[in-house]
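Reviewing the structure listed below.
Counting starts at 1 for both ligands and their atoms, following the listed order. What you see is a predicted model, and the numbers here were worked out from it, not measured in a lab. Residue indices begin at 1 and follow the sequence shown.
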Amino acid sequence: MSGPKPTKAEKKNPSAPRHTGRRAVPPNVSNADEDEVPTMETFGVLPRGFNMKDYLEVQNVHLFKMPNERNKREHHTDKYFNNKLIIRRGQPFNIQIDFNRPYNPERDQFWVEYVIGRYPQQSKGTYIPIPIVDELEVGKWGAKIIHKDYNSVSLTILSAPDCIIGKFRMYVAVLTPSGILRTSRNKEADTYILFNPWCKEDSVYMEDEREIEEYVMNDVGVIFHGEINRIKTRSWEYGQFEEQILDACLYIMDRAELDISGRGNPIKISRVGSAVINAKDDNGVIAGSWNNDYSLGVSPSAWTGSVDILLEYQSSGLPVRYGQCWVFAGVFNTFLRCLGIPARLVTNYFSAHDNDANLQTDVYLDEDGKTNTTLTKDSIWNYHCWNEAWMARPDLPVGFGGWQVVDATPQETSDGMFRCGPASVQAIKHGHVCFQFDTPFIFSEVNSDIVYSKAMKDGSKVVEYVDKTHVGQRILTKEIGGNGPQDITDLYKFSEGTEEERLALEAALMYGVKKEIRDGDQLQSVPDVDMDFQTDNSVFGSDFKVTLAFMNRSSDRYTITAFLTGHIVFYTGVLKAEFMNKNLEVTLEPGSSKTVDVQIRANEYLSKLVEQASLHFFVTARINETKKILAQQKIVALKVPDLRIKIAGEGVIGKEMTVIVEFTNPLKKKLQNITLRVSGPGLMKTKTQIFREVPTNSTLSWEEKFVPRRVGPRKLIATLDCDSLRHVYGELDIEILSDGSL
Ligand code: CA
Ligand code: CA
Ligand code: CA
């Protein structure tokens, strides 16, 4: 069988372009205009004596596509706010065809067809004629007649577990002596085919039902941020089932550089997804910005979830402003879950960015011990968020399937584009960075050593100190079925201090270093002075204390010169401004210890503070007698006030409720141009409200009405954003009951 045939016009002049005078549609667009694909075989002149009534004529096709009907329930697609049939591949579904007369298997021949894209071809899997078979065969498309009743035929259709996913056009074709008679295009019969983590033959198969429930079906997540000693959480609305979101995700695939024939492969989809979620190179979904000026868009911390971003991108086709790592990861998670690929958002604390691909984080100090910001190109982010997607890896040796890192935040190019992954988490752990894609970069993020080198005036560099445990201190994701963290650090690396951890690093260096070979490891003489660095509770707008502790383990008397510098930093580790700089002299008797307190005053840092309210302290200490250098860095994330959310009303589906969002300004100055947002999947679309001014210590209050659409545990998420205060969140869990009268 061949694909739908050319139209009459094309038959007359086969060389005529197919879309003359129409908007050019790139060949990888799946959602072709309906009139661009012929809907019926043309007969030319009907043969003499031919009577259409002799042949089967399709009168109606029933798809059983209501949320409460079998197909959507059994395929776990009843939550999608979408009235078309949505099925998951590799799993049977049922349809019924009504003909003009009873079907006679001796005489009549018909079949169902699925078609996607502009130029459907059977060999590419974009034109799928489904044979009627006696028995369905796992792994193949087939349709089996299960029931005949008067003029109706009921079919069970099985799709191939590796077929293309997307939105297909559906036809019923009947064979007549003069050709194929095809039903006309009916948008209501369009059928979405998605990945199927419940299907053993699908490459995204996941064994544990509880994991699928979390990683595919949960439409609200928790993002961990802040810093390792003060982990902050916020909820994020993935909203993969909300109205229009499935179409928006398919639109994103159309915008990606991926031929339709590759759209059954989660490796390809997640790789191109990591490229198209960011705006770089391809005018993808989200424009990143890290400079604290968001006047041309929405500040990254103000979003409550993915839905508004995806809808805006679908309607404008232009990058949505602005995102930072958790926004890229949040939207990417929606995209993956929406298509049926299990996905989760993870946060890596002290995430290294290895700029020069030597698998180590290089920090250069001047001869006097201060960081040389010109030479130091690598950076360490307080935290960095990315995604893991679950899939088999038939392209790698056995054992590297399962969770794969994919990262849509534009950090480094990979084969010429800003994209990253999929990289096997297992390969990262063992240092097998030779396995594609981008495994060395992610290995560095979680387990590179920090190598502190002194840059001498003559241009030479001397390794002073190697910190083997600072990078990748903790890796978290949301726990299954709850809102707390699950520590998954041990999936990415062996425990610090173990032989295995060193072996993995050596393997990574062997496989992955493109440039110079590392020469610092021989310089491992342990300094005989220890330095520790602590801070007490630091609340936004208040004073706090930094404590340095020195311990002399030698039998000599030492004098120590220490520099303590405090910078305002972006969470990416990029320094914005220095707010303090102290020079300390400490004398240490043999075998003794000493602590030094440094008071940090609010008025020193407040005026320069940026969004994430992070302070970065860097201390370098020189033992004057031995010339040894000790170095440490520490991030202090200041605690910001919360938003309070209350509700009024009963919590019953279809009944109006009120949400009240409140905020009290804790700062010693008034806040201006404040934007509040609130949203809740299944409860309300995002609403925003602007307040011109909130004076010191006064409280703003905002009320919005909504009508819950879905039963069960739901969540309201709110954000507050203004130039002098960002990352202010609030959330509230509520339970929506069904209407008792139903
Ligand atoms: Ca891009
Ligand atoms: Ca490096
Ligand atoms: Ca390490």
Side-chain angles (χ1 to χ4, degrees), residues 228 252-253 255-258 270-288 313 317-320 323 327-328 331-332 335 348-364 375-381 406-421 428-431 433 440-453 461 463 466-475 489-490 492-509 512-521 524 573:
I228 191 150
I252 289 173
M253 267 216 295
R255 290 287 299 260
E257 297 283 321
L258 179 60
S270 60
R271 181 151 178 80
V272 301
S274 79
V276 74
I277 295 292
N278 68 65
K280 288 209 173 175
D281 311 316
D282 50 13
N283 277 320
V285 184
I286 306 158
Y313 187 66
L318 296 170
V320 179
V327 182
F328 292 106
V331 172
F332 200 4
F335 173 79
N348 175 36
Y349 287 94
F350 292 120
S351 195
H353 180 161
D354 178 21
N355 185 270
D356 57 356
N358 66 349
L359 288 169
Q360 68 186 30
T361 303
D362 306 283
V363 178
Y364 295 103
L375 286 175
T376 305
K377 299 281 185 228
D378 293 348
S379 57
I380 299 173
W381 299 34
V406 279
D407 187 349
T409 300
Q411 293 188 88
E412 292 291 331
T413 56
S414 169
D415 298 328
M417 284 182 92
F418 281 96
R419 59 184 162 187
C420 183
I428 295 163
K429 176 169 182 170
H430 292 272
V433 299
F441 183 75
I442 301 156
F443 181 89
S444 289
E445 291 183 301
V446 300
N447 203 11
S448 54
D449 289 349
I450 308 179
V451 178
Y452 292 93
S453 305
K461 288 161 190 163
V463 175
V466 179
D467 186 337
K468 299 176 179 175
T469 61
H470 184 80
V471 167
Q473 277 184 32
R474 196 179 290 173
I475 302 165
T489 317
D490 64 351
Y492 280 85
K493 55 202 279 196
F494 292 98
S495 300
E496 295 292 351
T498 61
E499 188 70 12
E500 290 96 325
E501 190 263 352
R502 284 294 100 186
L503 282 173
L505 182 86
E506 282 165 27
L509 290 169
V513 174
K514 288 179 188 151
K515 294 173 188 165
E516 82 244 50
I517 296 299
R518 207 158 79 152
D519 53 5
D521 269 358
Q524 289 307 304

N/O donor-acceptor pair under 3.5 Å between Arg255 side chain and Gly317 backbone: yes
Which residues share a side-chain hydrogen bond (donor to acceptor under 3.5 Å, both in side chains) with Ser270, sequence neighbours left out: none
Presence of N, O or S from Asn447 under 3.0 Å of the Ca ion (ligand 3): yes
Check: Tyr364 main-chain N/O paired with Thr376 side-chain donor or acceptor under 3.5 Å: yes
N, O or S from Lys468 under 3.0 Å to the Ca ion (ligand 3): yes
Tally of protein N, O or S atoms, where distance to the Ca ion (ligand 2) is under 3.0 Å: 6
Side-chain donor/acceptor of Asp354 to backbone N/O of Leu359, under 3.5 Å: yes
Main-chain N/O of Asn355 paired with Asp378 side-chain donor or acceptor, under 3.5 Å: yes
Separation between CD1 of Ile475 and CZ of Phe350, rounded to the nearest 0.5 Å: 13.0 Å
Pair Glu412, His353: side-chain N/O donor-acceptor within cut-off below 3.5 Å: yes
Between Gln473 and Glu496: side-chain donor-acceptor atoms closer than 3.5 Å: no
Atoms of protein origin (N, O or S) under 3.0 Å from the Ca ion (ligand 1): Ala275 O, Asn278 O, Asn278 OD1, Lys280 O, Asp282 OD1, Asp282 OD2
Do any side-chain atoms of residues 273-281 form donor-acceptor pairs under 3.5 angstrom with protein atoms, and if so which ones, sequence neighbours left out?
unit_1: Ser274; atom_1: OG; unit_2: Arg271; atom_2: O; d: 2.9
unit_1: Ser274; atom_1: OG; unit_2: Cys420; atom_2: N; d: 3.1
unit_1: Asn278; atom_1: OD1; unit_2: Lys280; atom_2: N; d: 3.2
unit_1: Asn278; atom_1: ND2; unit_2: Ser274; atom_2: O; d: 3.2
unit_1: Asn278; atom_1: ND2; unit_2: Ala275; atom_2: O; d: 3.4
unit_1: Asn278; atom_1: ND2; unit_2: Ala408; atom_2: O; d: 2.9
unit_1: Asn278; atom_1: ND2; unit_2: Phe418; atom_2: O; d: 3.1
unit_1: Asp281; atom_1: OD2; unit_2: Phe418; atom_2: N; d: 2.7

Backbone N/O of Glu501 and side chain of Lys493: donor-acceptor pair under 3.5 Å: no
N, O or S atom within Glu501 nearest to the Ca ion (ligand 3), by name: OE2
Rounded distance (nearest 0.5 Å) linking atom CG of Leu509 with atom CG of Asp449: 8.0 Å
Asp449 near the Ca ion (ligand 3): N/O/S under 3.0 Å: no
